[in-house]
Novice: 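Before I ask anything, here is the structure I am working with.
Values below: all heavy atoms of this structure, side chains included; hydrogens, waters and symmetry mates excluded. In this text, all values refer to a predicted model and were calculated from it rather than measured experimentally. Residue numbers run from 1 in the order of the sequence given.
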Amino acid sequence: MLAFSLLLSITVTVTNPQPTPRQAVPVVVPIAQNGKEINSAVIKGQPDTPWQLDDLNDDGRPDELVFLVDLKANQTKTLTVDLSSARPKTSFTPETKAYLKLNDKNKKHPEIQAIAFPGDVDNRQMYNSIYGHGVVLEGLYNAIRIYMDNRQSVDLYAKNTPRLELDSTGFYTTRKQLEQG
């Protein structure tokens, strides 16, 4: 037996005032938990809509719900969002990824959440201690690398095939990977 355990039902109204349709409009819903554990959401009228709960203040509890909607020209949609303590029944295929990895001698390149350097550290030491020399933000069609040194320059990585691939290429595509698209 699977219990949904409804904690909160929220009505959300989204409007497109434009004379043209809009796709993938972000909807951000602030959540006041009042001490209740929220783990999942159901967006009624939008079956299989991917959503995410964001913890903005790093206290281990979600502060907002985010999802995308498509809207026709001049359309207003009213949606009901049910929040629950139950674990999500579905999982969504990731379409974005962001990471920061350490450069290590074993070539395992572990992901990290943050890194700090003393103010007097040599820029080359910072640059070389990060795998790929910076933080990576990836989508299905492209990726961006922001270098972690005083230049803070940006690389754009365009893709032939829409997919997440930088975990395997790391901005350093091999000849074999290029041949595979």
Novice: Met148 and Gly134: which non-hydrogen atoms are nearest, and at how many Å?
Specialist: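 Residues Met148 and Gly134, closest heavy atoms: CG-CA, 3.3 Å.
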Novice: Considering all heavy atoms of both residues, which atom of Leu68 and which atom of Ala24 are nearest to each other, and what is their separation?
Specialist: CD2-O, 3.7 Å
Novice: Which atom pair, heavy atoms only, marks the closest approach of Ser40 to Ala86?
Specialist: OG-O, 2.9 Å
Novice: Can you tell if the side chain of Leu102 reaches within under 4.5 Å of the side chain of Ile115, non-hydrogen atoms only?
Specialist: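 Of all side-chain heavy-atom pairs linking Ile115 with Leu102, at least one is under 4.5 Å.
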Novice: With side-chain contact (heavy atoms from CB on, under 4.5 Å) as the criterion, how do Thr80 and Ile10 come out once you've worked through the C-alpha distance, each side chain's angles and the decisive distance to 0.1 Å?
Specialist: CA-CA 6 Å; Thr80 300; Ile10 301 170; over 6 Å; no
Novice: Between CG of Asp63 and CG of Asn57, what distance do you get to the nearest 0.5 Å?
Specialist: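 Separation between the atoms: 4.5 Å.
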Novice: Is there a chain of hydrophobic side chains (I, L, V, M, F, W, Y, each step under 4.5 Å between heavy atoms) that links Leu164 to Tyr99?
Specialist: no
Novice: Tell me, do Ile31 and Leu53 make a side-chain contact under 4.5 Å, heavy atoms counted?
Specialist: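 In short, these two side chains touch, coming nearer than 4.5 Å.
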Novice: Do side-chain atoms of Glu179 reach the backbone of Lys176 as a donor and acceptor pair under 3.5 angstrom?
Specialist: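 Judged by distance alone, no pair lies under 3.5 Å.
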Novice: Please enumerate all residues that pass ring-ring contact (aromatic ring centres under 6.0 Å, His included) together with Phe67, with sequence neighbours excluded.
Specialist: none
Novice: Same hydrophobic cluster for Val66 and Leu79, using side-chain heavy-atom links shorter than 4.5 Å among ILVMFWY?
Specialist: no
Novice: Can Lys101 and Ile112 be said to form a side-chain contact (heavy atoms from CB on, under 4.5 Å), step by step?
Specialist: CA-CA 6 Å; Lys101 295 182 178 185; Ile112 58 174; over 6 Å; no
Novice: Enter the distance from Leu166:CG to Leu137:CG here, rounded to the nearest 0.5 Å.
Specialist: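 Reported to 0.5 Å precision, the distance equals 10.0 Å.
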Novice: Is any side-chain heavy atom of Tyr157 closer than 4.5 Å to a side-chain heavy atom of Ile144?
Specialist: no
Novice: Identify the heavy atoms of Asn39 and Trp51 that sit nearest to each other, and give their distance.
Specialist: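 Taking Asn39 first and Trp51 second, the nearest heavy atoms are O-CH2, 3.7 Å.
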Novice: Tell me every residue that passes side-chain hydrogen bond (donor to acceptor under 3.5 Å, both in side chains) with Asp155, counting only those two or more places apart in sequence or in another chain.
Specialist: Arg145, Tyr147
Novice: Any salt bridge linking Glu138 with Arg163? Criterion: basic side-chain nitrogen under 4.0 Å from a carboxylate oxygen.
Specialist: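 Result for this pair is no, no salt bridge flagged.
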Novice: Please work out whether the ring planes of His133 and Tyr127 are parallel, tilted or perpendicular, with thresholds of 30° and 60°.
Specialist: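 Parallel, since the angle between the ring planes stays under 30°.
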Novice: Determine whether Gln180 and Thr173 make a side-chain contact, defined as any pair of heavy atoms from C-beta on separated by less than 4.5 Å.
Specialist: no
Novice: Pairs in or reaching into residues 111-124: which pass side chain to side chain donor-acceptor pair (under 3.5 Å), with residues at least two apart or in two chains?
Specialist: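 Residue pairs passing side chain to side chain donor-acceptor pair (under 3.5 Å), neighbours aside: Lys97-Glu111, Asp122-Arg124, Asn123-Asn150.
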Novice: Does the side chain of Val12 reach to within under 4.5 Å of the side chain of Val27, using non-hydrogen atoms?
Specialist: yes
Novice: Measure the shortest side-chain to side-chain distance between Ile38 and Arg61 over non-hydrogen atoms and say whether it is less than 4.5 angstrom.
Specialist: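 The answer is no; the side chains never approach within 4.5 Å.
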Novice: Might you point out which heavy atoms bring Ala41 and Val81 nearest each other, and give the distance in Å?
Specialist: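 Between these two residues, the closest heavy atoms are CB-CG1, 4.4 Å.
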Novice: Quick one: closest heavy-atom pair of Phe92 and Thr49, and the distance?
Specialist: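 Shortest heavy-atom separation between Phe92 and Thr49 comes out as CZ-O, 3.5 Å.
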Novice: First locate atom CG of Asp54, then atom CG of Leu65, and finally report the distance between them rounded to the nearest 0.5 Å.
Specialist: 8.5 Å
Novice: For Asp70, is there an ion pair with Lys77 - N to carboxylate O distance below 4.0 angstrom?
Specialist: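 Salt bridge absent between Lys77 and Asp70.
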Novice: State the OG1-CG distance between Thr15 and Asn74, to the nearest 0.5 angstrom.
Specialist: 10.0 Å
Novice: Does any part of the side chain of Tyr131, heavy atoms only, come nearer than 4.5 Å to the side chain of Asp104, both counted from C-beta?
Specialist: no
Novice: If only atom types and distance count, is the side chain of Asn16 paired as donor or acceptor with the main-chain N or O of Lys72 below 3.5 Å?
Specialist: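 Judged by distance alone, yes, a pair lies under 3.5 Å.
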Novice: Look at atom CG of Asp48 and say whether more than 12 heavy atoms of other residues, nucleotides or ligands are closer to it than 6.0 Å.
Specialist: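 Open: at most 12 neighbouring heavy atoms sit under 6.0 Å from CG of Asp48.
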Novice: Say you draw a straight line from OG1 of Thr169 to NZ of Lys159; how long is it, rounded to the nearest 0.5 Å?
Specialist: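 If I round to the nearest 0.5 Å, the distance is 8.0 Å.
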Novice: Do Asn103 and Ser129 have a side chain donor and acceptor closer than 3.5 Å?
Specialist: no
Novice: Does Asp82 come within less than 4.0 Å of Lys44, counting only side-chain N to carboxylate O?
Specialist: yes
Novice: Taking OH in Tyr141 as the centre, count heavy atoms belonging to other residues, nucleotides or ligands within less than 6.0 Å. Is the count above 12?
Specialist: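 Atom OH in Tyr141 is not packed in, count stays at 12 or less.
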Novice: Would a 4.5 Å heavy-atom cut-off, applied to side chains only, mark Thr76 and Val14 as touching?
Specialist: no
Novice: Hey, are Gln177 and Thr174 close enough side-chain-wise for a donor-acceptor pair under 3.5 Å?
Specialist: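 Yes, because at least one side-chain N or O of Thr174 sits under 3.5 Å from a partner of the opposite role on Gln177.
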